[in-house]
Amino acid sequence: MSSLTSARLLRLLSLFQARRDWTGTELAERLEVTPRTVRRDVQRLRDLGYPVDATPGVAGGYRLGVGSTLPPLLLDDEETVAVAVGLRAAASGGSLSGIEETSVRALAKLEQLLPSRLRRRVSALNSFTDTVGRKSPTVDGEFLTVIAGCCRDGERLRFRYRNHHGEESRRVVEPHKMVHAAGRWYLLAWDVDREDWRVFRLDRMEGPLSTGPRFEPRTPPEDAAAYVARGISSSVYEQTARVLVHAPEEEAAQRLSPFDGTLTRVDDRTCELRVGGNGLDMIAVYLLFFGFDFSVLEPAELEVELKALRDRIDRSLSGPRPGRGSGSGG
């Protein structure tokens, strides 16, 4: 097999990994060959053990099948570097626990196979990258596997849960989707006993997890990520507020984290911010540091807190300033 043919087979396999179904015409155009050459290359992949099936239809086509004897996937340079860096991060300890040792073993095997040019890139990324900030609570990787399976199969989930006040309860939920935000894992689920949607932090779940009967999937009131973002930015706080931000949503979103609040577009120039805090005074301070002009929508008491802050700042700026002490010569 010539080097040109081998390179074309690698590209053909990469196309199949990017998208499962292709017509013969599409593959011929992508590879810049004739349909006859495509048929020959597909047969070569089959001879190598890749289950490529022919699909019926007027145009005809090919589909990469799923089989237990599928050879290892081929990765290009950028994909290989991404996998290596991801494994290194997991081995160093991230938001998942219990996978550090497995990640180290997988990374050792991968680095042995890397060509020198990629090994240098991965080594540079690892050597000249560091992490600062508070370590997020970790979640057992097995928890994610069990919960993801329940979301996929539509099975109820039972567990013990500890809320942000430290109160414990037993919950029975119909899991919908998991969301990863700011280093933490969350589950959006329908709470069977409370008959409403709830957001649960996975690191506050206590096992063993048990699965129950199947259920008919429900549709949440909004996108799972948006629902979780709104929940973690306001529902856990004692008080919430709504303000009209005099800036485009895209611009305001650059200064907002999922824990600070949620934005809703109003028009091209303004957006609404819903924010929570353990007191209106804390919300007022946050809004002053947010960096945009705003108008209070609710509650009206927030305006009182803002005026009190303004008066305090005025007094601080207009009050007497201590002068420098003058020393006396001895």
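Numbers for residues simply follow the sequence, beginning at 1. We use all heavy atoms of the structure for the numbers below, so side chains are in, but hydrogens, waters and symmetry mates are not.
Between Thr211 and Arg158 the shortest side-chain heavy-atom distance does not fall below 4.5 Å. When side chains are defined from C-beta on, Phe292 counts as touching Glu251, because their heavy atoms get closer than 4.5 Å. When side chains are defined from C-beta on, Leu288 does not count as touching Tyr286, because their heavy atoms never get closer than 4.5 Å. The shortest side-chain heavy-atom distance between Phe16 and Tyr50 does not fall under the 4.5 Å cut-off. Between Arg201 and Leu187 there is no side-chain heavy-atom pair separated by less than 4.5 Å. Phe290 is listed as a side-chain neighbour of Leu273, based on a closest heavy-atom distance under 4.5 Å. Contact of the Met178 side chain with the Leu144 side chain is registered, since non-hydrogen atoms from C-beta on lie closer than 4.5 Å. Looking only at side-chain heavy atoms (C-beta outward), Val173 and Val192 stay at 4.5 Å or farther from each other.
To the nearest 0.5 Å, atom CZ of residue Arg30 and atom CD of residue Glu26 are 7.5 Å apart. Here Ile147 contributes atom CD1 and Leu202 contributes atom CG; the two are 4.0 Å apart, rounded to the nearest 0.5 Å. Between the CZ atom in Arg218 and the CH2 atom in Trp190 there is a gap of 5.0 Å [rounded to 0.5 Å]. Within the model, atoms OG1 of Thr37 and CD of Glu32 stand 12.5 Å from one another, a figure rounded to the nearest 0.5 Å. Atoms CZ and CG, from Phe294 and Leu287 in turn, are 4.5 Å apart once rounded to the nearest 0.5 Å. Atom CG of Leu188 and atom NE2 of His176 lie 5.5 Å apart (nearest 0.5 Å).
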- request: List the steps, then state whether side chain to side chain contact (heavy atoms under 4.5 Å, CB included) holds for Asp314 with Arg310.
  value: CA-CA 6 Å; Asp314 288 342; Arg310 180 195 60 190; 3.9 Å; yes
query: Does the side chain to side chain donor-acceptor pair (under 3.5 Å) test come out yes or no for Arg171 and Ser169, once each step is laid out?
result: CA-CA 6 Å; Arg171 315 301 279 265; Ser169 60; 3.1 Å; yes
field: Asp21/Arg63 under salt bridge (charged side-chain N to carboxylate O under 4.0 Å, His left out): CA gap, chis, key distance, verdict
entry: CA-CA 5 Å; Asp21 293 287; Arg63 170 181 296 176; 2.6 Å; yes
- prompt: Step by step, would you call Tyr186 with Phe200 a side chain to side chain contact (heavy atoms under 4.5 Å, CB included)?
  reply: CA-CA 5 Å; Tyr186 298 87; Phe200 302 95; over 6 Å; no
message: Under the criterion side chain to side chain contact (heavy atoms under 4.5 Å, CB included), I'd like the reasoning laid out for Gln43 against Leu45: C-alpha separation, chi angles, the key distance, then a yes or no.
response: CA-CA 5 Å; Gln43 186 56 49; Leu45 288 181; over 6 Å; no
- request: Run the numbers on Glu249 and Arg265 for salt bridge (charged side-chain N to carboxylate O under 4.0 Å, His left out), then give the verdict.
  value: CA-CA 6 Å; Glu249 179 190 6; Arg265 182 183 182 276; 5.2 Å; no
task: Apply side chain to side chain contact (heavy atoms under 4.5 Å, CB included) to the pair Val275 and Val243, showing each step before the final yes or no.
output: CA-CA 8 Å; Val275 63; Val243 300; 5.7 Å; no
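In this structure a side-chain-to-backbone donor-acceptor pair under 3.5 Å is missing from Tyr227 to Val199. No donor-acceptor pair closer than 3.5 Å links the side chain of Trp185 to the backbone N or O of Val179. Although no hydrogens or angles enter the test, the distance criterion places no donor-acceptor pair under 3.5 Å between the side chain of Asp191 and the main chain of Glu195. Under the 3.5 Å distance criterion, the side-chain polar atoms of Glu272 are left unmatched by any main-chain donor or acceptor of Thr264. Using modelled atom types, one side-chain atom of Asp223 and one backbone atom of Ala225 make a donor-acceptor pair closer than 3.5 Å. Judged purely by atom type and a 3.5 angstrom limit, Arg46 uses its side chain to pair as donor or acceptor with the backbone of Val52.
Closest non-hydrogen pair, Tyr62 versus Leu27, comes out as CD1-CD1, 3.8 Å. Residues Pro35 and Ala28 share a closest heavy-atom pair of N-CB, 4.0 Å.
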Without placing hydrogens or testing angles, list every side-chain donor-acceptor pair under 3.5 Å for residues 298-307, not counting sequence neighbours.
residue, atom, partner, partner atom, Å
Glu298, OE2, Arg242, NH1, 3.2

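Neither Val146 nor Phe215 shares a network with the other; the hydrophobic side chains, linked directly or stepwise wherever heavy atoms of I, L, V, M, F, W or Y lie under 4.5 Å apart, form separate groups for each. When hydrophobic clusters are built by joining Ile, Leu, Val, Met, Phe, Trp and Tyr residues whose side-chain heavy atoms come closer than 4.5 Å, directly or via intermediates, Leu244 is not grouped with Phe289. Linking ILVMFWY residues whenever their side-chain heavy atoms come closer than 4.5 Å, directly or via other members, leaves Val266 and Leu263 in distinct clusters. Cluster membership check: Ile283 does not share its hydrophobic cluster with Leu297, using side-chain heavy-atom separations under 4.5 Å among Ile, Leu, Val, Met, Phe, Trp and Tyr. Tracing side-chain contacts under 4.5 Å through hydrophobic residues (I, L, V, M, F, W, Y), one never reaches Met282 starting from Leu256; they form parts of separate clusters.
In this structure, Arg184 does not pair ionically with Asp203, as no charged nitrogen and carboxylate oxygen lie closer than 4.0 Å. Note on Arg44 versus Asp41: salt bridge recorded, some NZ/NE/NH1/NH2 to OD/OE distance being below 4.0 Å.
Residue Arg19 qualifies as enclosed at atom CZ: its count of foreign heavy atoms under 6.0 Å is above 12. Around CG of Asp293, the count of heavy atoms belonging to other residues, nucleotides or ligands within 6.0 Å does not exceed 12.
Screening Arg194, Arg214, Arg156 for a salt bridge (Lys or Arg N to Asp or Glu O under 4.0 Å) involving Glu174 leaves a single residue, Arg156.
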